[in-house]
Amino acid sequence: MNILVLGSGGREHSLAWAILQNPKCDRLICAPGNAGLEAIAECADIDICDGGVVAAFCAENAIDFVVIGPEAPLASGVADALGEAGVLAFGPSAAAARLEASKTFTKEICDAVGAPTAAWARFTEAGPARDYIRSRGAPIVVKADGLAAGKGVIVAGTVEEACAAVDDMFGGEFGQAGAEVVIEEFMAGEEASFFVLCDGETAVPIGTAQDHKRAGEGDTGPNTGGMGAYSPAPVMTEAVAQRALEEIVRPTLAEMARRGMPFRGVLYAGLMIEEGRPRLVEYNVRFGDPECQVLMMRLGAQALDLMLASAEGRLAEMSVNWADDHAMTVVMAAQGYPGAYEKGGAIGGLEALPETSREMVFHAGTARVGGQVVAAGGRVLNVTARGGTLAEARDRAYAMIVAIDWPGGFCRRDIGWRAL
Ligand code: AMP
Ligand code: GLY
């Protein structure tokens with residue numbers, strides 16, 4: 001079959017890499033792509049958030065299946081447009097994507113089904129929000145309601161900090177995303193990500209992972225899109241995963257179906273786990289980036305079969321075959337990220353690195369300029385490996401990093417510290 005992957009990050013490179021291992025894939029196109037994707041697939045520079053453009057591209061190229069990577073095209077209704085055009089797509093409708101696009105929507109769903117999450121309140125004006133913060137005390141969490149590229153969340157240690165965050169959000173720092181602000185109880189515990197494939201009815205867990213959101217070692221410094229991940233996450237024991245499925249994920253899916261917006265695609269539950277009890281931090285309606293890279297490394301070719309079953313409503317007949325492996329990915333980012341950083345620096349040493357089912361450098365923000373791979377974004381490379389133990393996966397990944405010659409880049413040296 002002919003397959004189109006939408007997106008241009010390390011997530012999409014890993015999806016494309018896994019899809020290509022499956023003999024069902026005859027032709028793979030990625031849009032818009034990056035230097036890593038160009039090396040393994042055709043790339044097309046189209047507007048991936050315009051459903052009409054994507055549907056027309058699929059018709060022209062006889063595309064049988066579209067895998068939608070990022071949240072923006074999901075929120076803008078690309079899956080809906082493809083459905084109307086009769087093209088099979090992996091990913092939820094715009095209505096179901098509100099589980100990520102609107103924090104208040106998710107909170108209302110949780111309240112409706114009694115799913116455990118932080119106590120919350122919603123505000124459209126700064127004054128009452130500040131009063132609420134003062135009445136609750138710190139620590140407390142302030143969030144812009146809409147999509148803010150993962151940056152619209154302030155975990156405030158003091159009342160003053162929380163009030164300043166409220167003023168920033170209503171002051172327009174996050175544009176429309178900050179027109180409504182959610183204030184939440186601070187939840188203590190350890191975070192983990194739980195990935196569940198859904199087809200509107202059936203839920204199939206496909207793995208757990210832990211991300212590293214802070215830029216600096218020891219989880220210090222500013223928040224980022226994610227500096228590294230590993231799978232599985234030891235804190236997500238079988239018992240915790242079962243509880244998360246029964247108390248949070250399945251009730252959510254049932255409520256979404258009841259409201260006439262069944263969820264199809266991958267539901268990524270960000271959980272806070274305290275003493276074996278999972279509570280929902282947030283949902284995302286897509287794979288995490290870089291969590292996807294470690295999941296794909298563990299799933300390999302069956303990822304395509306699972307995504308097809310999700311799109312076709314056949315998940316009830318599927319099971320997941322686990323390699324008993326651990327995988328780790330270390331993000332190399334441009335110095336300065338997540339603040340200002342330079343683009344265009346040459347990256348050497350990549351050609352000499354192994355590209356196997358156990359070791360891969362997935363590309364995120366890269367471009368090829370005159371035969372040379374150069375940095376073209378904040379997060380640039382995802383150096384990924386698996387092994388019989390997490391320590392083995394880590395050693396393989398960091399050994400590859402040593403061989404990468406990119407003076408303008410940096411990475412965290414402590415990915416996996418919690419589990420190791
Ligand atoms: P979110 O974008 O909602 O995932 O929030 C970003 C990060 O903020 C999460 O990964 C958590 O580390 C933290 N966070 C969000 N909400 C809470 C909460 N209610 N309690 C504690 N930490 C939180
Ligand atoms: N790595 C976090 C995310 O993809 O949202």
Side-chain angles (χ1 to χ4, degrees), residues 7 9-12 14-15 69-72 74-75 97 99-107 110 115-121 133 136 138-157 161-162 165 169 174 177-178 181-195 208-215 219-231 233 235 266-274 277-296 329-331 333 338 362 364 378-379 382 412 415 418:
R11 167 179 50 208
E12 287 75 25
S14 72
L15 286 166
E71 59 274 27
L74 294 168
L99 282 176
E100 174 165 358
S102 168
K103 297 190 192 296
T104 53
F105 177 78
T106 296
K107 285 295 196 182
C110 285
T117 184
W120 67 290
I133 289 167
R136 290 277 163 157
I140 195 159
V141 182
V142 181
K143 302 185 174 186
D145 180 58
L147 290 174
K151 290 165 196 114
V153 175
I154 308 291
V155 179
E161 199 188 330
M169 285 183 193
F174 298 100
V181 167
V182 171
I183 301 182
E184 275 186 21
E185 165 198 2
F186 172 80
M187 294 187 287
E190 188 171 341
E191 276 188 272
S193 309
F194 185 38
F195 295 88
T208 63
Q210 238 159 356
D211 190 10
H212 297 65
K213 291 201 195 242
R214 301 298 193 98
D219 291 338
T220 56
N223 258 326
T224 71
M227 294 300 292
Y230 54 90
S231 172
V235 67
V266 61
L267 189 62
Y268 156 178
L271 302 173
M272 190 68 80
I273 296 129
E274 192 180 30
R277 178 169 85 120
R279 290 204 280 169
L280 184 73
V281 178
E282 60 159 359
Y283 280 128
N284 294 304
V285 299
R286 45 155 183 97
F287 283 109
D289 187 345
E291 294 94 321
C292 186
Q293 289 80 315
V294 284
L295 293 178
M296 289 305 125
T329 187
V330 180
V331 172
F362 295 118
R379 292 190 296 169
N382 310 138
R412 276 181 59 168
I415 300 304
R418 265 178 213 283

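Remember, it's a predicted structure, so these values are computed and weren't measured experimentally. Start at 1 and go down the list; that is how both ligands and their atoms are numbered.
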**Contacting atoms of ligand 1, where contact means under 4.0 angstrom from a heavy atom of K213** = 10 (O)
**Asked** Does N223 approach ligand 1 within less than 4.0 angstrom via side chain, backbone, both or neither, non-hydrogen atoms only?
**Response** neither
**Request:** Mind checking the CD-CD1 spacing from E161 to I140? Nearest 0.5 Å is all I need.
**Result:** 11.5 Å
**Item:** ligand 1 versus E191: contacting region, heavy-atom distance under 4.0 Å
**Value:** side chain
**E184 and K107 ion-paired at < 4.0 Å** = yes
**Request:** Evaluate the side chain to side chain donor-acceptor pair (under 3.5 Å) criterion for residues E100 and Y283: first the C-alpha distance (whole Å), next the side-chain angles of each, then the deciding distance (0.1 Å), finally the verdict.
**Result:** CA-CA 6 Å; E100 174 165 358; Y283 280 128; over 6 Å; no
**Prompt:** Is H212 reaching over with its side chain to a backbone N or O of G228, donor-acceptor style, under 3.5 angstrom?
**Reply:** yes
**Request:** Check each of K103, K143, M187, E184 against atom 15 (C) of ligand 1 and report the one with the nearest heavy atom.
**Result:** K143
**Item:** Heavy-atom donor-acceptor pair, R279 side chain to E274 backbone, under 3.5 Å
**Value:** no
Every pair of nitrogen or oxygen atoms between ligand 2 and the protein that is under 3.5 angstrom apart - can you list them with their distances to 0.1 Å?
{"residue": "ligand 2", "atom": "1 (N)", "partner": "D211", "partner atom": "OD2", "Å": "2.8"}
{"residue": "ligand 2", "atom": "1 (N)", "partner": "G225", "partner atom": "O", "Å": "3.0"}
{"residue": "ligand 2", "atom": "1 (N)", "partner": "D289", "partner atom": "O", "Å": "2.9"}
{"residue": "ligand 2", "atom": "1 (N)", "partner": "E291", "partner atom": "OE1", "Å": "2.9"}
{"residue": "ligand 2", "atom": "1 (N)", "partner": "E291", "partner atom": "OE2", "Å": "3.4"}
{"residue": "ligand 2", "atom": "4 (O)", "partner": "R286", "partner atom": "NH1", "Å": "3.0"}
{"residue": "ligand 2", "atom": "4 (O)", "partner": "D289", "partner atom": "N", "Å": "2.9"}
{"residue": "ligand 2", "atom": "5 (O)", "partner": "R286", "partner atom": "NH1", "Å": "3.4"}
{"residue": "ligand 2", "atom": "5 (O)", "partner": "R286", "partner atom": "NH2", "Å": "2.9"}

**Request:** State whether the side chain of N382 and the backbone N or O of A364 hold a donor-acceptor pair below 3.5 Å, judged by distance alone.
**Result:** no
**Message:** At less than 4.0 angstrom from any non-hydrogen atom of F186, what atoms of ligand 1 do you find?
**Reply:** 20 (N), 21 (C)
**Message:** Could you check whether any side-chain N or O of T117 sits under 3.5 Å from a backbone N or O of L280, counting only pairs where one atom can act as donor and the other as acceptor?
**Reply:** yes
**Asked** Does the pair E282 and T106 meet the rule for a side-chain contact (heavy atoms from CB on, under 4.5 Å), with working shown?
**Response** CA-CA 8 Å; E282 60 159 359; T106 296; over 6 Å; no
